[in-house]
Amino acid sequence: MVSGLLAAGGMASAGPAAAEDLPQHQGGATATLDGLTTFDRAVLHDGGRRHELPAGMFEMTVDGGGRLKTYCVDIHNPTQEQARYLETPWEQTSLGANGAAGKIRWILQHSYPQVDDLTALAERAGSGPLTERTAAAGTQVAIWRYSDGAEVEAVDPAAEQLADWLEKEAEDVQEPRASLSLEPNAVSGKAGGRLGPITVRTDADRVTVTPPADSAASGVIVTDEAGSPVSTAVDGSRLYFDVPDGATDGSAALSLQATTSVPVGRAFSGVTKSQTQILAGSSRSSVSATATATWAEQGPIPALTARKNCAGGGIDITATNKGDEKFTFTLQGLEHAIAPGETRTVTVPVPEDQAYDFTITGPGGFSKNFKGVLDCKTTGSAVPVPEEPAPQPSAFSAGGTGIDDNLAATGASGATPVIAGAAIGLVVVGGAVMLFVRRRKAPSAPTTED
């Protein structure tokens, strides 16, 4: 079996992207950043210097319908104009290693906009009158103190009192469930049986199951554990691809959709390098997830999934082989052979803040592409902070203190090409790979598997 390691490259632009240009996604909401909409001023003390910057709440537009309100959790990292974002588990962001992440969620649950009675909020905080702008600023300041350990204060006295109260009262609460995800999102096996299970995880009451687009022609159907065709699912449902005996070697995908309010506290990470966000509020929004199945009569039959491994500093590629021959590939100069029936995870090292883009191919036209940006840490004070802010903040601002000479401009700016260029120049350091395995030899005669 022949394997190879080839350099590949490419990074999606910071602007809107087609769905097929998005990186791997465990499921949930995908959205486009509209900008900072409700904000006031704050002061950051960094390295003995004092810097004024906007602090407040962003809004995003959800693919398929819906609106999100978010705060940022990386004060020094800029946002990019019209950046694309994916709902992401805490462990795949800087929140995963932050012992105070649960306190940030408490702040979100007990402040604006979840608490929209600003008079009542001001009374509880003992802050004096609050407006939407100062309530948003105070909330963001409190979050920054936990997300970045930043020495930051609100300019408005009432907003500062709110921030102090939120910081003092915050308690540790658990990460919210995903709006929608599938575990795993890829399965494989021999034709003539059911491939799975795929477990549905969702905060929605019910989700719609859409079978493979060519199911009528291929005969592949999606079933429950009893083998009955399904069109809907709930949290905990176990789904299967039922592939008829004698089906031509191939693959298929199912999709799940729901309309629900994304749980407060869910993280959103950028498709490209852009300030990580945490959800403060959601309208009824569209969420989705997909899963694929690959089948064959004989030879290696791989299923591959990928997820960010922030603790390990890379991307975990999990390979499962449901065939009757080993599946062999090379990563970082090391050969990996997945025996029939075996599952193994290989971590591909990727430097922090860098883009990755790699494709694994196999027999019968099998191909899987994984791409994104490894963004697992807050930037800290590594990004230089200018001495004076511009008179007016950008419409795409909040934190992001390393853009040109404008502390406020964390959206469209002269730094955007620099950031994109640096990412492209360092695409997949030690990691952009294309893996080839030999074509499966044609079977001498079809076989039937139970």
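Just the heavy atoms: all of them, side chains too, but no hydrogens, waters or symmetry mates, feed the values below.
- Under 4.0 Å is where a charged nitrogen must lie from a carboxylate oxygen, and between Lys377 and Glu352 no such pair does.
- Residues Ser261 and Arg284 have side chains that never bring a donor and an acceptor to within less than 3.5 angstrom of each other.
- With rounding to the nearest 0.5 angstrom, the OG1 atom of Thr290 is 10.0 Å from the CG atom of Leu180.
- You'll find the side chain of Leu68 reaches within 4.5 Å of the side chain of Phe268, heavy atoms only.
- For the pair Ala42 and Ala55, the tightest heavy-atom approach, listed with the atom from each and the gap, is CB-CB, 3.8 Å.
- For the pair Ile315 and Phe370, the minimum side-chain heavy-atom distance is 4.5 Å or more.
- A donor-acceptor contact shorter than 3.5 Å links the side chain of Tyr146 to the backbone of Glu167.
- Looking only at side-chain heavy atoms (C-beta outward), Lys273 and Asp375 come within less than 4.5 Å of each other.
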Applying side chain to side chain contact (heavy atoms under 4.5 Å, CB included), run through Val271 and Leu86 and close with a yes or a no. CA-CA 7 Å; Val271 170; Leu86 307 175; 4.0 Å; yes
For Glu151 and Asp46, what are the C-alpha separation, side-chain angles and deciding distance, and is it a side chain to side chain contact (heavy atoms under 4.5 Å, CB included)? CA-CA 7 Å; Glu151 185 181 349; Asp46 184 78; over 6 Å; no
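- Using modelled atom types, one finds a donor on one side chain and an acceptor on the other under 3.5 Å when comparing Arg67 with Thr61.
- Leu182 places none of its side-chain heavy atoms less than 4.5 Å from the side chain of Gln26.
- Tested against Val207 for a side-chain contact (heavy atoms from CB on, under 4.5 Å), the candidates Thr260, Thr232, Leu256 yield a single pass: Leu256.
- With hydrogens and angles left out, the side-chain atoms of Glu87 and Ser179 include a donor and acceptor closer than 3.5 Å.
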When you look at Arg266 and Glu175, which way does the salt bridge (charged side-chain N to carboxylate O under 4.0 Å, His left out) test go after all the steps? CA-CA 7 Å; Arg266 289 296 289 173; Glu175 177 182 6; 3.4 Å; yes
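- When side chains are defined from C-beta on, Val73 counts as touching Ile143, because their heavy atoms get closer than 4.5 Å.
- Counting only distance, with no hydrogens or angles, the side chain of Asn321 and the backbone of Gly341 share no donor-acceptor pair below 3.5 Å.
- The backbone N or O of Asp224 sits nowhere less than 3.5 Å from a side-chain atom of Ser228 that would complete a donor-acceptor pair.
- Tyr71 places a side-chain heavy atom less than 4.5 Å from the side chain of Met57.
- Atom OG of residue Ser147 and atom CG of residue Asn98 lie 7.0 Å apart, to the nearest 0.5 angstrom.
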Steps toward side chain to side chain contact (heavy atoms under 4.5 Å, CB included) verdict (Gln257, Ser286): CA-CA 7 Å; Gln257 302 87 23; Ser286 295; over 6 Å; no
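- Taking each heavy atom of Leu239 and Ala233 in turn, the nearest pair found is CD2-CB, 4.5 Å.
- Here the shortest heavy-atom pairing between Val62 and Ser285 reads CG2-OG, 3.8 Å.
- Interatomic distance, CH2 of Trp144 versus NE2 of His76, reported as 9.5 Å (0.5 Å rounding).
- For the pair Gln298 (side chain) and Asp324 (backbone), a donor-acceptor distance under 3.5 Å is absent.
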Could you walk me through whether Thr320 and Thr343 pass the side chain to side chain donor-acceptor pair (under 3.5 Å) check? CA-CA 4 Å; Thr320 297; Thr343 296; 2.9 Å; yes
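- Here Lys103 contributes atom NZ and Glu169 contributes atom CD; the two are 11.0 Å apart, rounded to the nearest 0.5 Å.
- A distance-only check finds a donor-acceptor pair linking the side chain of Arg105 to the backbone of Val264 [under 3.5 Å].
- In this structure a side-chain-to-backbone donor-acceptor pair under 3.5 Å is missing from Glu325 to Pro300.
- Summarising the geometry of Val222 relative to Pro211, their closest heavy-atom pair is CG2-CA, 4.1 Å, with the distance given to 0.1 Å.
- Side-chain contact check for Asp316 and Thr345: no donor-acceptor pair (N or O, by modelled atom type) lies under 3.5 Å.
- Scanning all heavy atoms of the two residues, the minimum distance from Lys322 to Gly189 falls at CB-CA, 3.6 Å.
- In this structure, CG in Leu279 is found 8.0 Å from CD in Gln114, a value given to the nearest 0.5 Å.
- Ser274 places no side-chain N or O within 3.5 Å of a backbone atom of Thr272 that could act as its donor or acceptor partner.
- No side-chain donor-acceptor contact under 3.5 Å links Ser269 and Thr276.
- Within the model, atoms CD1 of Ile221 and CG of Leu254 stand 12.5 Å from one another, a figure rounded to the nearest 0.5 Å.
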Arg307 vs Glu91, test: salt bridge (charged side-chain N to carboxylate O under 4.0 Å, His left out). Steps then yes/no. CA-CA 10 Å; Arg307 63 189 300 121; Glu91 67 178 0; 2.9 Å; yes
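- Side-chain contact between Lys308 and Tyr356: present, with at least one pair of heavy atoms (C-beta onward) separated by less than 4.5 Å.
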Apply side chain to side chain contact (heavy atoms under 4.5 Å, CB included) to residues Arg344 and His336 and explain how you reach the verdict. CA-CA 9 Å; Arg344 186 184 304 175; His336 304 275; 4.1 Å; yes
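- With respect to Gln277, the side-chain hydrogen bond (donor to acceptor under 3.5 Å, both in side chains) criterion is satisfied by exactly one of Asp74, Thr70, Thr93: Thr70.
- Between the side chain of Ser188 and the backbone N or O of Ile301, at least one donor-acceptor pair lies under 3.5 Å.
- Proximity of Phe241 to Ile198: side-chain heavy atoms (C-beta onward) are separated by under 4.5 Å at one or more points.
- Asp235 contributes a side-chain N or O that, together with a main-chain N or O of Thr202, makes up a donor-acceptor pair within less than 3.5 Å.
- Taking every heavy atom of both residues into account, Trp106 and Glu171 meet most closely at CB-O, 3.2 Å.
- With Asn185 contributing its side chain and Thr305 its backbone, the two residues share no donor-acceptor pair below 3.5 Å.
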